[in-house]
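Here is the structure we will look at, set down as structure tokens.
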Amino acid sequence: MGEEKILSQRIGEIEKKEHVANKYIDTQAELIEQSINGKFEKVAFRLFKKQTNGGLDDTCEVLVDGVPFDNANTAGQVNAGLDVINSLCKNHNIYTTIFID
């Protein structure tokens with residue numbers, strides 16, 4: 001009976017550590033998304049998707065004004081492309097002429 005109690009306490013300690021680790025991972029994922037999305041005006045990237053079990057699934061979904069890129073209209077998709085180009089140009093301090101046909 002004493003061994004069961006010790007094992008039960010040990011399981012509780014491990015579950016507590018697992019919860020802290022999962023909270024850290026969730027916070028880190030949120031900070032990464034915020035850091036990347038802060039560089040764009042119209043485009044946002046959803047890099048992680050919450051699973052039903054609470055874990056995170058790696059993904060890379062492009063959102064244009066909150067709408068998935070595939071569902072955005074042509075103007076939204078073109079503006080999203082321009083937003084990405086402008087952000088990359090600004091980040092690398094390289095500027096060029098852009099033609100849209």
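What's counted below: heavy atoms across the whole structure, side chains too, no hydrogens, waters or symmetry copies.
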Look up atom OG1 in Thr59 and atom CG in Leu56, then write down how far apart they are to the nearest 0.5 Å. 11.5 Å
So, using side chain to side chain contact (heavy atoms under 4.5 Å, CB included) as the criterion, who are the partners of Tyr24 when residues are at least two apart? Gln28
Once rounded to the nearest 0.5 Å, what's the spacing between atom CD1 of Ile25 and atom CZ of Phe48? 10.0 Å
Could you tell me if the side chain of Thr96 sits less than 4.5 Å from the side chain of Ile85, heavy atoms only? no
Under a 3.5 Å distance rule, please check whether Asp83 uses its side chain to pair with a backbone N or O of Lys42 as donor and acceptor. yes
Step by step, would you call Asp58 with Leu47 a side-chain contact (heavy atoms from CB on, under 4.5 Å)? CA-CA 6 Å; Asp58 295 340; Leu47 301 175; over 6 Å; no
Of all residues at least two apart in sequence or in a different chain, which pass the ring-ring contact (aromatic ring centres under 6.0 Å, His included) check with Phe45? Phe40
Determine whether Leu82 and Ile100 satisfy the following criterion, side-chain contact (heavy atoms from CB on, under 4.5 Å), listing intermediate values before the conclusion. CA-CA 10 Å; Leu82 289 172; Ile100 299 174; 3.5 Å; yes
Any donor-acceptor N/O pair, Asn91 side chain to Ser87 backbone, under 3.5 Å: no
Could you note down all residue pairs passing salt bridge (charged side-chain N to carboxylate O under 4.0 Å, His left out) where residues 6-33 supplies at least one of them, sequence neighbours left out? Asp26-Lys50
Val67-Val84 co-clustered via ILVMFWY side chain contacts under 4.5 Å: no
Roughly how far, to the nearest 0.5 Å, is CD of Gln77 from CG of Asn71? 9.0 Å
Crowding at CD, Glu61 (>12 non-hydrogen neighbours, <6.0 Å): yes
Distance (rounded to the nearest 0.5 Å) between Lys39 NZ and Leu88 CG: 11.0 Å
Answer whether the closest heavy-atom distance between the side chains of Asn79 and Val64 falls below 4.5 Å. no
Which value, rounded to the nearest 0.5 Å, describes the distance between His19 atom NE2 and Ile14 atom CD1? 16.0 Å
Rounded distance (nearest 0.5 Å) linking atom CG of Leu31 with atom CD1 of Ile36: 11.5 Å
Using a 4.5 Å cut-off on heavy atoms from C-beta on, say whether the side chain of Leu63 contacts that of Val43. no
